[in-house]
Amino acid sequence: MKENPRLIRGMHDLLPEAYHGHQSVIDAALQQAHLAGFQRIDTPIMEESRLFDRGLGASSDIVGKEMYSFTTRGGEEVSLRPEGTASVARAFFSHGLAQSVPLRYFYAGPMFRYERPQKGRLRQFHQFGAELIGASGSLADLEIIALGQEILNTLGVADKTVLHLNTLGSTTDRAAFRDALLAYFSAHKASLSEDSLRRLDTNPMRILDSKAEQDRALLADAPMIDEYLAEASRRRFDQLCTGLQALGIAYVRDHHLVRGLDYYEHTAFEFITDALGAQGTVLGGGCYDRLFEIVGGKPATGVGFAAGIERLSALITAPEMPKADCALIPIGSEAEAFAPVLAQSLRRAGIATVYGFSGKVKARMKQADQSGVAFCVIFGTEELAQDVWKVKDMANGEETLLSTEALQAFLNTKIR
RNA sequence: GUGGCUGUAGCUCAGUAGGUUAGAGCGCCUGGUUGUGGUCCAGGAGGUCGUGGGUUCGAGACCCAUCAGCCACCCCA
């Protein structure tokens with residue numbers, strides 16, 4: 001316990017049961033993504049640090065203090081990815097994909113953030129996400145939100161979440177709004193919390209979602225984004241709202257929803273739950289047109305979301321683990337030697353077969369039982385001599401003697 | 001990064017105002033059954049009490065440090 005290697009802080013093993021929960025979340029998401037025409041991609045978990053430095057914005061906490069960054073033996077400055085979108089944007093340019101627009105991509109994998117661990121917050125965690133590149137406007141926003149909603153529906157967690165929706169306006173709208181906020185809060189510096197005083201310098205919009213009472217008291221009279229929206233921005237948002245209504249997707253307009261990454265503009269949304277403690281966002285995203293120019297120098301449009309697999313996994317009722325269909329219990333060295341042969345033929349017939357339990361027959365039966373198999377095939381010198389297999393139904397204890405062909409047929413009908 | 005709570009067997013926890021050989025339940029192993037699980041009965045193994053230091057005649061209990069976990073802030077998936 002003292003000298004042995006330990007788990008690094010904030011890192012978690014996924015034992016079979018937890019892994020299965022994760023996988024079923026990914027499977028459900030993937031299934032819906034497929035139905036919507038999104039294709040799976042993977043990008044490296046490591047990128048040049050400057051991709052994230054520039055892409056996510058220096059004012060974001062992620063870049064400021066949460067990245068796993070280091071210098072390689074070759075002297076490259078690299079970072080473990082803290083999120084997936086910047087990499088997708090990079091890949092867009094790396095492969096000249098501007099030709100093939102619009103693109104619908106889905107990804108899933110580990111992300112890394114050097115934060116203090118807490119409920120629903122790990123240093124290595126897993127996200128899946130969807131990105132729609134090269135389509136823009138309210139229809140693209142709607143498509144992405146609808147996919148997110150559909151995934152939550154499939155997972156059966158939709159009733160535990162609320163969709164929060166906001167618009168941040170275009171880059172120019174946002175800048176004007178920002179200035180107005182800066183002016184307003186600067187005039188009320190005395191009443192601001194310590195954290196918000198800091199935000200005033202780094203990112204005034206973040207004061208909007210402050211949890212501090214003293215800050216919230218100021219919010220009522222604070223400038224609203226709606227007052228700063230250009231006509232086109234307003235229309236885009238209105239059309240999105242109309243579209244959501246048409247799809248029967250409920251939402252709440254959250255004027256204080258601000259996302260932490262600098263690249264967002266126009267539509268921003270989060271599906272939030274109150275069942276997970278303080279880390280309530282389960283799936284969130286928005287429009288990130290600006291990211292492309294920052295990353296690749298050329299304009300493109302994008303909207304997408306990312307979802308926390310651990311958080312979703314904690315919300316769903318864990319599906320049952322898949323079990324093997326039957327276990328082999330050979331008795332005696334002759335039978336022992338034949339177990340692999342029988343296992344091979346059963347497996348080739350599509351029957352999931354386990355063997356190799358240790359100890360006496362009693363102990364093996366117990367292990368087989370605990371592995372959850374529905375049937376045991378018990379055979380020793382007697383059975384081998386008569387060329388039969390004794391099959392035991394673990395549910396009711398019934399035993400049947402069967403020939404090899406009959407065994408496969410028997411198991412196949414019982415299992416399906 | 002800041003604050004609060006916690007750290008005793010594989011798991012969940014108990015451990016009186018500091019006092020000899022640290023307990024329970026579950027799990028595990030063995031036996032009751034020569035080739036048979038899930039119930040029952042009997043027995044058994046397993047702990048440097050997170051780690052390091054200190055106080056004391058004596059520390060699992062008290063103090064300090066450190067590490068880890070949890071919860072909240074911060075931030076976000």
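The structure displayed is predicted, hence computed values, not measured ones. Chain naming here is simple, since letters A, B, ... match the order of the sequence lines and numbering starts at 1 in each.
For the C1' atoms, the distance linking B:A59 with B:G52 amounts to 15 Å, nearest Å. Comparing B:U20 with B:C13, their C1' atoms are spaced 25 Å from each other, to the whole Å. The gap from the C1' atom of B:G58 to that of B:G1 amounts to 42 Å, rounded to the nearest Å. B:U66 sits 23 Å from B:C71 when the P atoms are compared, rounded to a whole Å. Taking atom C1' on both B:C64 and B:A45, the two are 37 Å apart, rounded to the nearest angstrom. One C1' atom belongs to B:C74, the other to B:C11, and the distance between them is 34 Å to the nearest Å. Annotation: B:G60 and B:A14 have their C1' atoms spaced 12 Å apart (nearest Å). For the C1' atoms, the distance from B:A9 to B:G47 is 5 Å, rounded to whole Å.
Residue A:G148 is classed as having no contact, given no heavy-atom separation below 4.0 Å to the nucleic acid. Residue contacts shown for A:A395 include a base, since a base heavy atom lies under 4.0 Å away.
For B:G47, there is no paired base (Watson-Crick or G-U wobble, both distances below 3.5 Å). B:C62 is paired with B:G54 under the Watson-Crick or G-U wobble criterion, all donor-acceptor distances under 3.5 Å. If you check B:A68 for Watson-Crick or wobble pairing at under 3.5 angstrom, you find it paired to B:U6. Across all strands shown, B:G1 forms a Watson-Crick or G-U wobble pair, both distances under 3.5 Å, with B:C73. A 3.5 Å limit on both hydrogen-bonding distances identifies no Watson-Crick or G-U partner for B:U33. Under the Watson-Crick or G-U wobble criterion, with both distances below 3.5 Å, B:C13 is paired with B:G23.
The one candidate from A:H266, A:R253, A:H256, A:H255 that meets the side-chain hydrogen bond (donor to acceptor under 3.5 Å, both in side chains) condition with A:N166 is A:R253.
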How would you summarise protein contacts on nucleotides 71-77 of chain B per nucleotide, using B for base, S for sugar-phosphate only and - for none, with heavy-atom distances below 4.0 Å? SBBBBBB

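Taking side-chain N and O atoms only, A:R9 has no distance below 4.0 Å to OP1 or OP2 of B:C67. Within the structure, every side-chain polar atom (N or O) of A:Q370 is placed at least 4.0 Å from both OP1 and OP2 of B:G27.
Side-chain atoms of A:E383 come within donor-acceptor range of the base of B:G35, with a qualifying N/O pair under 3.5 Å. With hydrogens and angles left out, the side chain of A:K392 and the base of B:U36 share a donor-acceptor pair within 3.5 Å. For A:K390 against B:U36, a side-chain N or O and a base N or O form a donor-acceptor pair under 3.5 Å.
A:F410 has its ring centre less than 6.0 Å from the ring centre of A:F375.
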Please determine whether salt bridge (Lys or Arg N to Asp or Glu O under 4.0 Å) holds for the pair A:D369 and A:K366, giving the CA-CA distance in whole Å, both sets of side-chain angles, and the decisive distance to 0.1 Å. CA-CA 5 Å; A:D369 184 39; A:K366 188 169 182 175; over 6 Å; no

Test log, rule ring pair (Phe, Tyr, Trp, His ring centres under 6.0 Å), inputs A:Y228 and A:F177: CA-CA 6 Å; A:Y228 297 85; A:F177 178 49; 5.8 Å; yes

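Between A:F128 and A:F305, the ring planes are perpendicular. Angles over 60° get that label, and only those under 30° would be called parallel.
Between the side chains of A:D27 and A:Q31, no donor-acceptor pair is found at a separation under 3.5 Å.
Going from atom CG of A:L165 over to atom SG of A:C241 covers 5.5 Å, rounded to the nearest 0.5 Å.
Between A:R104 and A:E143 there is a salt bridge, since a side-chain N of the basic residue sits under 4.0 Å from a carboxylate O of the acidic one.
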